[in-house]
Amino acid sequence: MANFSKPTVPQFSVDVYQNEFLPEGGREVSAIVTVTSTGGGTSGAGGVSGYADGAAAGVVIMVDCSGSMDYPSTKMRGAREATAAAVDTLRDGTSFAVVAGTHVAKEVYPGNGGLAVADARTRAEAKHALRSLSAGGGTAIGTWLRLADRLLSSADLTIRHGILLTDGRNEHESPEELRAALDACAGRFTCDARGVGTDWEVKEVTGIASALLGTADIVADPAGLADDFTVMMEHAMGKGVADVVLRLWTPVGVEIGYVKQVAPTVEDLTGRRTEAGPRAGDYPTGSWGDESRDYHVSVRVPQAAIGQEMLAARVSLIAPDPAGGDPRPLSQGLVRAVWTDDLVMSTSINPQVAHYTGQAELANVIQQGLDARKSGDRDGATAKLGRAVQLAAASGNADTAKLLSKVVDVVDAATGTVRLKAKVAEADEMTLETRSTKTVRVKR
């Protein structure tokens with residue numbers, strides 16, 4: 001068993017990177033907002049006032065037990081071993097449960113409609129219960145998520161997290177039923193999703209992770225599941241604050257263009273805004289440990305004369321009050337607009353803004369290129385994936401460049417000249433699609 005001390009609650013900081021200077025008539029303002037939490041995870045001290053040392057955490061592991069998990073049998077065996085490894089990684093005192101998912105959801109452990117509390121005895125009991133896992137039946141992921149929500153709601157928790165493993169498509173419920181389940185669970189717990197093998201649907205798995213503010217990835221070889229589950233659980237055990245939101249306040253006349261997370265992955269949060277008072281809106285960011293993320297904020301300001309300046313937006317990190325009071329601000333940064341007739345100042349693009357604009361385009365053209373390839377549009381696929389190679393090379397995104405090289409032959413990365421490979425392993429194409437939104441941090 002991994003020896004985890006309780007995480008302390010992190011301290012937050014907000015840094016804003018932008019070129020605040022606009023030309024006469026200029027209205028578009030962009031900024032990269034870097035949010036950093038330090039002193040959390042499993043080390044450090046201090047924290048958000050009012051939180052206890054070590055937030056009450058609960059985790060539900062959802063294991064696909066549909067009939068396809070027996071083909072090959074290594075998938076079911078790998079799933080049992082991975083779940084056992086995750087259980088071993090649980091910190092003492094963490095609430096947890098294991099769910100077997102088919103066309104229905106069944107409690108595997110503790111099996112009493114609630115959660116067990118991790119200690120040496122319950123970990124051993126849970127691993128013993130895993131021996132009964134066998135493959136059979138269909139796939140209805142929405143039912144798994146709804147059961148996880150009920151189990152996590154049965155205890156008084158501040159950190160609520162799910163881990164979901166599937167090997168196939170969600171064939172025993174409609175897309176609308178899955179979407180309804182995701183809508184019902186959004187904001188109630190976060191969830192990491194993994195696809196094992198190559199018979200699952202990438203957009204389903206990434207859609208689950210996106211809706212529930214978790215991570216998504218492929219584990220093509222079942223032998224890698226145990227290591228992957230261990231890392232996921234270690235990450236979950238490092239969380240110290242849940243339900244943190246990015247609050248954007250704008251003055252009268254300022255319009256929101258978009259709010260996107262751009263590192264470590266691209267995630268458009270614009271449509272997830274909830275109103276938070278006059279001219280303020282909240283965008284969900286999920287749970288935090290010891291980490292840093294970047295957000296791209298774009299607003300449209302009213303026209304102003306040369307020499308004028310204004311506050312274009314105030315960005316705050318807000319966390320719930322554990323005592324049930326009003327949410328509390330953790331840190332904030334300001335986005336400014338200054339009108340100038342200096343052409344050099346007003347046309348300079350901030351390096352952080354330029355970098356992440358390119359990273360967002362990279363994620364987009366990979367998806368477009370793969371979709372074109374699947375539809376038989378070779379010219380469209382070549383153009384889009386060539387542009388992706390060019391962007392990956394220019395931004396130093398070596399991991400994505402390596403994945404692209406398994407789908408296209410690169411003739412000239414600088415110009416984006418590529419040829420589609422005649423044969424591409426399904427696992428390589430799915431890996432590129434699944435990881436297309438992963439970005440590289442800008443060098444400051």
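Ion pairing between Asp149 and Arg160 fails under the 4.0 Å rule for side-chain N and carboxylate O. Under a 4.0 Å N-O distance rule, the pair Arg373/Glu429 qualifies as a salt bridge. Asp282 and Arg273 are not joined by a salt bridge, as no carboxylate oxygen comes within less than 4.0 angstrom of a charged side-chain nitrogen. Taking 4.0 Å as the cut-off between side-chain N and carboxylate O, Asp243 and Arg188 do not count as a salt-bridged pair. Using a cutoff of 4.0 Å between basic side-chain nitrogens and carboxylate oxygens, Arg179 and Asp183 are scored as salt-bridged.
Side chain to side chain, Ser68 and Asp167 meet the donor-acceptor criterion of an N or O pair below 3.5 Å. In the model, Ser395 has no side-chain atom that pairs as donor or acceptor with a side-chain atom of Asn397 under 3.5 Å. Of the N and O atoms on the side chains of Gln261 and Thr265, at least one donor lies less than 3.5 Å from an acceptor on the other residue. If you check the side chains of Glu173 and Asn170, you find a donor sitting under 3.5 Å from an acceptor. Looking only at atom types and distance, the side chain of Tyr258 has no donor-acceptor partner in the side chain of Asp268 under 3.5 Å away. Between the side chains of Thr139 and Glu171, not a single donor N or O lies within less than 3.5 Å of an accepting N or O.
Separating the OG1 atom in Thr198 from the CE atom in Met430 is a distance of 6.0 Å, to the nearest 0.5 Å. Note that NZ of Lys106 and OG1 of Thr143 are 11.0 Å apart. Values are rounded to the nearest 0.5 Å.
When each of Val98, Ile141, Leu145, Leu147 is checked for a side-chain contact (heavy atoms from CB on, under 4.5 Å) with Met62, only Leu145 meets the rule.
Between Ala312 and Val301 the shortest heavy-atom distance is CB-CG1, 3.8 Å.
Counting only residues at least two apart or in different chains, side-chain hydrogen bond (donor to acceptor under 3.5 Å, both in side chains) contacts with residues 210-233 comprise Asp192-Thr215, Arg194-Thr215, Arg194-Asp228, Ser210-Glu267, Ser210-Arg272, Asp217-Arg435.
In this structure, His172 and His103 have tilted ring planes: the angle between them lies in the 30° to 60° band.
Thr158 contributes a side-chain N or O that, together with a main-chain N or O of Ala56, makes up a donor-acceptor pair within less than 3.5 Å.
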